[in-house]
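Encoded as structure tokens, the structure appears first; notes follow it.
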Amino acid sequence: MNKAFASQADLEEKQVSFTKLSDNAYAYTAEGDPNTGIIIGDDAVMVIDTQATPVMAQDVIRRIREVTDKPIKYVVLSHYHAVRVLGASGYRPEHIIASRDTYDLIVERGEQDKASEIGRFPRLFQAVESVPAGLTWPTITFTGRMSLWLGKLEVQLIQLGRGHTKGDSVVWLPEQRILFSGDLVEFDATPYAGDAYFKDWPQTLDKIAALQPVALVPGRGAALTTPEQVAAGLAGTRGFVSDMYDSVQAGVKAGKDLNAVYKETYAKLKPTYGHWVIFDHCMPFDVTRCFDEATQYADPRIWTAERDVQMWKTLEG
């Protein structure tokens with residue numbers, strides 16, 4: 001292979017930031033690695049997306065304990081991807097909450113996704129042996145919307161629409177207008193779109209914008225702490241998704257095959273987005289899914305470790 005597979009060559013440790021957004025909300029970020037959100041209520045703590053292993057979760061817990069001794073009762077999964085969910089057991093939560101669509105995706109493709117992601121990005125699965133056997137299962141699921149009260153603090157979990165996956169959920173503090181977006185929004189980081197719905201994603205971003213968040217924790221990248229930064233994060237994500245879909249659709253209409261469409265789309269997007277984190281990792285997966293959606297597969301096909309490598313050899317070999 002000309003390029004190292006996915007992110008197997010990415011071994012550089014990242015600098016962690018723990019950013020206070022309000023008395024109740026914090027963002028755990030690490031220079032484009034997957035983010036974790038923290039909400040501290042009157043009587044309990046909620047963690048949004050867990051890090052990839054229980055050992056990695058310990059660093060999140062250490063930082064939580066610097067600001068509160070309240071029990072971590074809730075873990076929320078914004079979606080089903082392994083890098084977001086496999087650290088859940090480290091928090092020993094009373095409940096793990098996800099959308100019903102996310103639960104269904106875990107049933108359908110959780111095992112394959114786990115093997116696929118661990119193979120793609122070894123650095124993000126530090127101490128992978130600490131992950132319990134099996135999968136991370138929600139204990140509470142919801143459809144559309146639910147509210148939890150952490151004492152007097154209302155936390156809303158909302159499905160605004162499909163984008164990064166079918167099951168995407170955002171976590172919203174309505175009084176403070178702070179949003180945790182999961183991978184629906186990225187900032188200076190390439191959206192992974194291998195399980196995406198390209199046609200739906202921009203409308204879902206419009207629904208996030210309509211909430212008018214004053215701060216937003218993206219799936220990757222720095223916490224967005226002003227309305228202007230939030231707008232930039234939304235615009236960047238929307239631009240990437242739309243530019244890719246436009247390029248792939250044009251190639252499909254011209255009768256080109258996946259390989260030709262990939263090379264064309266990579267060349268078109270590289271000048272604008274090539275400096276974003278994990279650009280080279282994401283592009284083959286993203287274009288493959290986009291090509292599928294533009295041709296014959298309304299829903300994402302399941303990625304397996306074997307399919308990952310075969311696709312990579314075809315497009316990058």
State, yes or no, whether a side-chain contact exists between Pro93 and Tyr74 at a heavy-atom distance under 4.5 Å. no

Is the closest side-chain donor-acceptor distance between Glu316 and Tyr262 under 3.5 Å? yes

Heavy-atom check, side chain of Pro54 versus side chain of Tyr91, under 4.5 Å: no

Has Asp23 got more than 12 heavy atoms of other residues, nucleotides or ligands less than 6.0 Å from its CG? no

Do side-chain atoms of Gln51 reach the backbone of Ala57 as a donor and acceptor pair under 3.5 angstrom? no

Any non-hydrogen side-chain atom of Trp172 less than 4.5 Å from a side-chain atom of Leu157? no

Are the side chains of Leu224 and Thr226 in contact, using a 4.5 Å heavy-atom criterion? no

Hey, does Asn259 have a side-chain heavy atom less than 4.5 Å from the side chain of Leu315? yes

Distance alone, cut at 3.5 Å: any donor-acceptor contact between the side chains of Asn24 and Gln176? yes

Mark yes or no for whether Asp183, through its side chain, and His164, through its backbone, hold a donor-acceptor pair below 3.5 Å. no

For residues 288-300, the salt bridge (Lys or Arg N to Asp or Glu O under 4.0 Å) pairs (sequence neighbours left out) are Arg289-Glu293, Asp292-Arg301, Asp292-Arg307

Side chain of Arg84, backbone of Asn35: donor and acceptor closer than 3.5 Å? yes

Considering only NZ, NE, NH1 and NH2 on the basic side and carboxylate oxygens on the acidic side, decide whether Asp33 and Arg123 come within less than 4.0 Å. yes

Quick check on the hydrophobic clustering: are Val241 and Leu234 connected, directly or via other members, by side-chain heavy-atom contacts under 4.5 Å? yes

Between Arg238 and Asp206, does any NZ, NE, NH1 or NH2 come within less than 4.0 Å of an OD or OE carboxylate oxygen? yes

Partner set under ring-ring contact (aromatic ring centres under 6.0 Å, His included) for Phe18, not counting sequence neighbours: Tyr26

The ring-ring contact (aromatic ring centres under 6.0 Å, His included) partners of Tyr245 (sequence neighbours excluded) come to none

Hey, would you say the Phe121 and His281 ring centroids sit under 6.0 Å apart? yes

Do Asp308 and Ser116 have side-chain N/O donor and acceptor atoms under 3.5 Å apart? yes

State which residues pass ring-ring contact (aromatic ring centres under 6.0 Å, His included) with Trp149; sequence neighbours excluded, sorted by chain then number. none

If hydrophobic residues (ILVMFWY) are linked whenever their side-chain heavy atoms come closer than 4.5 Å, directly or via other members, who joins Tyr103 in its cluster? Tyr80, Leu105, Ile106, Val107, Leu135, Trp137

Sub-4.5 Å side-chain heavy-atom contact between His79 and Ser169: no

What I'd like to find out is whether the side chain of Leu160 reaches to under 4.5 Å of the side chain of Leu211, using heavy atoms alone. yes

Phe198 meets the ring-ring contact (aromatic ring centres under 6.0 Å, His included) criterion, sequence neighbours left out, with none

Any Lys/Arg nitrogen of Arg220 or Asp188 sitting under 4.0 Å from an Asp/Glu carboxylate oxygen of the other? no

Within the 6.0 Å centroid threshold, strictly below: Phe279 and Trp276: no

For residues Phe180 and Asp49, determine if any side-chain heavy atom of one lies less than 4.5 Å from a side-chain heavy atom of the other. no

If the threshold is 4.0 Å, N to carboxylate O, is there a salt bridge linking Arg65 and Asp69? no

So, the side chain of Glu94 versus the backbone of Lys73: is there a donor-acceptor pair under 3.5 Å, distance only? no

